[in-house]
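The structure appears below as structure tokens.
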Amino acid sequence: MHLLVTGGLGFIGCNFVKHVLSKDPEASIVNIDKIGLGANPENLRELEKKENYLFIKGDITNPKAMGKIISEVDAVVNFAAETHVDRSISDPSPFIKSNILGTFTLLEAVRKSKKDIKYLQVSTDEIYGDRLHGSSSELDRLSPSNPYSATKASADMLCLAYHRTYRLDVNITRCTNNFGPYQFPEKLIPKTIIRAFRNLPVPVYGAGANIRDWIYVLDHCEAISLVLGKGKPGEIYNISSGNEFPNITVVKEILKLLDKPEDMMELVEDRPGHDVRYSLDSSKIRSELGWKPSHTFISALRETVKWYIKNEAWWKPLATEKVLHPAPWKTG
Ligand code: NAD
């Protein structure tokens, strides 16, 4: 399979590229990334000499470039997006451009190619909004709470419309919070590991009661591969591991793994619009495609902590004061 992966220099994209190439030596991948926030060329440096991998610096909102590349592939997996919720609060406009216009540009290129191309949109549980009880299924109403999730929801709507109107072979995957190697230090788990490792106070938003359902990034990559191969056209698949914990529990586990005291935690002002709980019902992908996570939360968290300790050279240049800030949406 000849794949276009967009946003492959980011956290999940780079794990996905490595995952596909290690499992399927016949696969070839073109990776388009604009090298924006979250991207790191070092993530896939080791692949640059391989014949079945090509990196092109480019923007998914560029119709000419996307048209040319898409005419040469069998499938597109769109990871490219502005993803930092805190930043979408201080400035939503790049989110509108990359997440909505970018998806539209890719869908148009697929439509105009007149080829039978599988298009997989990597979406998020955040589009369902808060879920105080129960779990969201693929049929639930979308209720995004911040500019990031609103743009992701808009992109999903475009994908479904392109399937219905133009019969494009589209799938949408909606996954819960990922963690694992190569995650940008601004996100909760790496930020906690790095700040604790440096003996800095560890910020926890509000009372730390917000609940997220955590999934190890490689379990997410495996689920995407499965949908790419077996997903039915036009279908949405929720992906979750069932690891629902309040943020404060996750922070305490990390401190324990690093052998640091709990009094390093510092409760800080909550971010505006902070969703209380997300929860996904992933029974569809489990029963229809036979997916299930292979990692437990604690074993994956231990691996992740170890990875960050071992790879200080990777995160050190990224871990600026702004990135590690306790309230990034205030930094502008
Ligand atoms: P990330 O921020 O680490 O990576 C995003 C990548 O997209 C970056 O490399 C960036 O340079 C690139 N990019 C952004 N705009 C672009 C554009 N216009 N053209 C080309 N490249 C562009 O994000 P991530 O955490 O790896 O998330 C990847 C995808 O998965 C996103 O679509 C996100 O919404 C989705 N997702 C993430 C999570 C999570 O927990 N991280 C959960 C569910 C879904």
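Computed over heavy atoms, backbone and side chain alike; hydrogens, waters and symmetry mates excluded. First listed ligand is number 1; within each ligand, the first listed atom is number 1. Just so it is clear, the model here is predicted, and its values are computed rather than measured.
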(request) Check ligand 1 against G10 and write out every atom of the ligand that is under 4.0 Å from a heavy-atom position of the residue. (result) 3 (O), 4 (O), 9 (O)
(message) So if I count the atoms of ligand 1 from 1 in the order they appear, which ones are less than 4.0 Å from some heavy atom of S98?
(response) 15 (N), 16 (C), 17 (C), 18 (N)
(request) Check whether the side chains of Y278 and D213 place a donor and an acceptor atom closer than 3.5 Å, and report yes or no. (result) no
(request) Report the residues that fulfil salt bridge (Lys or Arg N to Asp or Glu O under 4.0 Å) with D156, sequence neighbours left out, ordered by chain and then residue number. (result) R174
(request) Considering the heavy atoms of G36, write down every atom of ligand 1 situated less than 4.0 Å from one of them. (result) 11 (O)
(message) Regarding atom 40 (O) of ligand 1: of the candidates N178, I127, I189, which has the closest heavy atom?
(response) N178
(message) I want to confirm something. Looking only at heavy atoms, which of I224, D125, T83 is nearest to atom 27 (O) of ligand 1?
(response) T83
(message) Can you check which of K187, E126, K34 brings a heavy atom nearest to atom 22 (C) of ligand 1?
(response) K34
(message) For atom 12 (C) of ligand 1, which of the options I35, D33, L9 provides the nearest non-hydrogen atom?
(response) D33
(request) Please could you name the atoms of ligand 1 that S123 approaches to less than 4.0 Å, counting only its heavy atoms? (result) 43 (C), 44 (C)
(request) Could you see which bit of K97 sits under 4.0 Å from ligand 1, with heavy atoms only: side chain, backbone, both or neither? (result) neither
(message) Would you call the rings of W314 and Y308 parallel, tilted or perpendicular, taking 30° and 60° as the class edges?
(response) perpendicular
(message) Applying side chain to side chain contact (heavy atoms under 4.5 Å, CB included) to L3 and S28, what does each step give before you reach the verdict?
(response) CA-CA 6 Å; L3 261 184; S28 57; over 6 Å; no
(request) Would you please say whether a donor-acceptor pair under 3.5 Å links the side chains of N171 and K118? (result) yes
(request) May I ask whether G102 has any heavy atom positioned less than 4.0 angstrom from an atom of ligand 1? (result) no
(request) Please work out whether the ring planes of F297 and F245 are parallel, tilted or perpendicular, with thresholds of 30° and 60°. (result) tilted
(message) Does the residue F184 have a heavy-atom contact with ligand 1, meaning some pair of atoms that are separated by less than 4.0 Å?
(response) no
(request) Ignoring hydrogens, just give me the one of I60, T124, T176, N177 whose non-hydrogen atom is nearest atom 42 (C) of ligand 1. (result) T176
(message) With a cutoff of 4.0 Å, is Y148 in contact with ligand 1, counting heavy atoms of the residue only?
(response) yes
(message) With the threshold set at under 4.0 angstrom, would you say T6 reaches ligand 1 through any of its heavy atoms?
(response) no
(request) Kindly state each residue pair satisfying salt bridge (charged side-chain N to carboxylate O under 4.0 Å, His left out) with at least one member in residues 306-317, sequence neighbours excluded. (result) E303-K306
